[in-house]
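I have placed the structure first, in the form of structure tokens, so that the comments after it can refer back to it.
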Amino acid sequence: MTLAAGFFARDAVSVARGLIGAELQVDGAGGRIVETEAYDAGDPASHSFGGMTPRNAVMFGPVGRAYVYRIYGLHWCLNFVCAAEQPGSAVLIRAIEPLYGRDVMQARRGNVADRLLCSGPGRLAKALGIDAELNGAPLDGPPFAMALPATAPGIVEAVRIGISKGATTPWRFCLAGSRYLSKPV
DNA sequence: CTTCTGATTGCCT
DNA sequence: GGCAATCAGAAGA
């Protein structure tokens, strides 16, 4: 099943849930999305909270684009821009079950255990070759390719990871039973 | 198993 | 000047 037009024209929580189980490839490397987190403009943990800045400008632009930023000075994080009505929402892709292009991904990651290959936002960005080049890039064409799951997957909801503000908001979504999560549920 | 630390840089206050 | 949606490796229990 391909992505319906308007898939990203919804609130971040709906999109974050909808992406669980979806297949994502970047230039032939990727797999099944097993963990996401939602962020929106009314959320103190979100980069968009407090308005537009040079870094988060892409979050306020058209939906269905990649928002890529550097974290802790050394890792990249991949987000998908979405929005219901108010702009400024995005979904962080936190973990992927590797299915395609294992060789390329292992080479980029330096031959690591299979279940650690893409289990974490920084890890998957490195495995898929994500960097600032892709900030603002549309998701409906190369190098991106996406497909939704045929049947609705089981989803487990949890609290988001690694943030200090909005730390009790349960906007982390995980594929039930997956062993490729960045952290067990 | 768990907790702790260093790495490293652009952006915001 | 301080901090951040992290990771890998080391050390301790």
Side-chain angles (χ1 to χ4, degrees), chain A residues 8 11-20 24 26 29 31 33-61 63 65-83 86-98 105-137 139 155-175 178-185:
Chain A
F8 292 107
D11 63 283
V13 170
S14 298
V15 173
R17 299 190 79 106
L19 285 172
I20 296 297
L24 166 69
V26 180
I33 296 174
V34 298
E35 183 179 347
T36 60
E37 281 179 4
Y39 292 87
D40 75 22
D43 168 15
S46 174
H47 290 171
S48 58
F49 186 76
M52 188 162 68
T53 67
R55 177 178 65 163
N56 66 23
V58 170
M59 287 184 82
F60 292 89
V63 302
R65 303 220 173 171
Y67 168 46
V68 179
Y69 65 91
R70 218 210 244 289
I71 183 65
Y72 295 112
L74 43 133
H75 303 292
W76 298 102
C77 288
L78 173 66
N79 298 248
F80 294 163
V81 176
C82 62
Q86 302 301 325
S89 293
V91 172
L92 170 67
I93 311 302
R94 284 195 58 89
I96 286 176
E97 172 183 346
M105 296 197 288
Q106 284 289 3
R108 290 182 180 133
R109 290 271 293 124
N111 284 52
V112 78
D114 189 60
R115 56 177 309 271
L116 296 178
L117 189 54
C118 303
S119 59
R123 291 168 178 159
L124 81 87
K126 186 165 187 186
L128 302 196
I130 305 280
D131 63 15
E133 291 279 307
L134 290 176
N135 190 34
L139 300 169
I155 296 177
V156 182
E157 179 180 296
V159 159
R160 292 175 296 183
I161 293 179
I163 54 177
S164 52
K165 289 166 268 185
T168 59
T169 308
W171 281 2
R172 174 181 176 226
F173 303 98
C174 302
L175 179 63
S178 174
R179 70 184 249 258
Y180 294 95
L181 303 176
S182 65
K183 201 178 154 195
V185 186

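- The distance between atom CG of A/N79 and atom P of C/dA5, rounded to the nearest whole Å, is 11 Å.
- Annotation: proximity of residues 113-134 of chain A to DNA chain C (heavy atom, distance under 4.0 Å) is found for A/G120, A/P121, A/G122, A/R123, numbered in ascending order.
- Between A/K183 atom NZ and C/dC7 atom P the separation is 12 Å, expressed in whole Å.
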Given the rule that a pair is Watson-Crick or G-U wobble with both distances under 3.5 Å, how would you write DNA chain B in dot-bracket, using | for pairs to a different strand?
-> |||||||.||||.
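- Nucleotides C/dA5 and B/dT13 are separated by 13 Å at their P atoms, to the nearest Å.
- Using a 4.0 Å cut-off between charged nitrogen and carboxylate oxygen, A/R94 and A/E37 count as a salt-bridge pair.
- Between A/V26 and A/I130, the shortest heavy-atom distance links the atoms CG2-CD1, 4.1 Å.
- The two residues A/F173 and A/A38 come nearest to each other via the heavy atoms CE1-CB, 4.5 Å.
- Salt bridge absent: A/R109 and A/D114 never bring a charged side-chain N and a carboxylate O closer than 4.0 Å.
- Across A/P87 and A/A41, no two heavy atoms sit closer than the pair O-CB, 3.7 Å.
- When each of A/Y39, A/Y69, A/F60 is paired with A/H47, the ring pair (Phe, Tyr, Trp, His ring centres under 6.0 Å) condition holds for A/Y69 and for no other.
- Side-chain atoms of A/S182 never come within 3.5 Å of backbone atoms of A/G120 as a donor-acceptor pair (strictly under, hydrogens ignored).
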5' to 3', nucleotides 8-13 of chain B under a 4.0 Å protein heavy-atom cut-off (B base, S sugar-phosphate only, - none) gives BB-SS-
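- Remark: A/R55 fails to qualify as a cation-pi partner of A/Y67 under the 6.0 Å distance and 45° angle criteria applied to the six-membered ring.
- Along DNA chain C, the nucleotide closest to A/S182 and the one closest to A/K165 are compared, and the more 5′ of them pairs with A/K165.
- A salt bridge is defined here as a Lys NZ or Arg NE, NH1 or NH2 lying under 4.0 Å from an Asp or Glu carboxylate O, and A/E97 with A/R115 fails to meet this definition.
- Across A/A29 and A/R108, no two heavy atoms sit closer than the pair CB-NH1, 4.1 Å.
- Taking every heavy atom of both residues into account, A/D40 and A/S46 meet most closely at O-CB, 3.2 Å.
- Separating the CG atom of A/D43 from the P atom of C/dA5 is a distance of 10 Å, rounded to the nearest angstrom.
- Look at CG on A/L78: it is 14 Å from P on C/dT6, rounded to the nearest Å.
- Taking atom NE2 of residue A/H75 and atom C1' of nucleotide B/dG6, one finds them 11 Å apart after rounding to whole Å.
- The distance from atom CZ of A/R109 to atom P of C/dT6 is 14 Å, rounded to the nearest whole Å.
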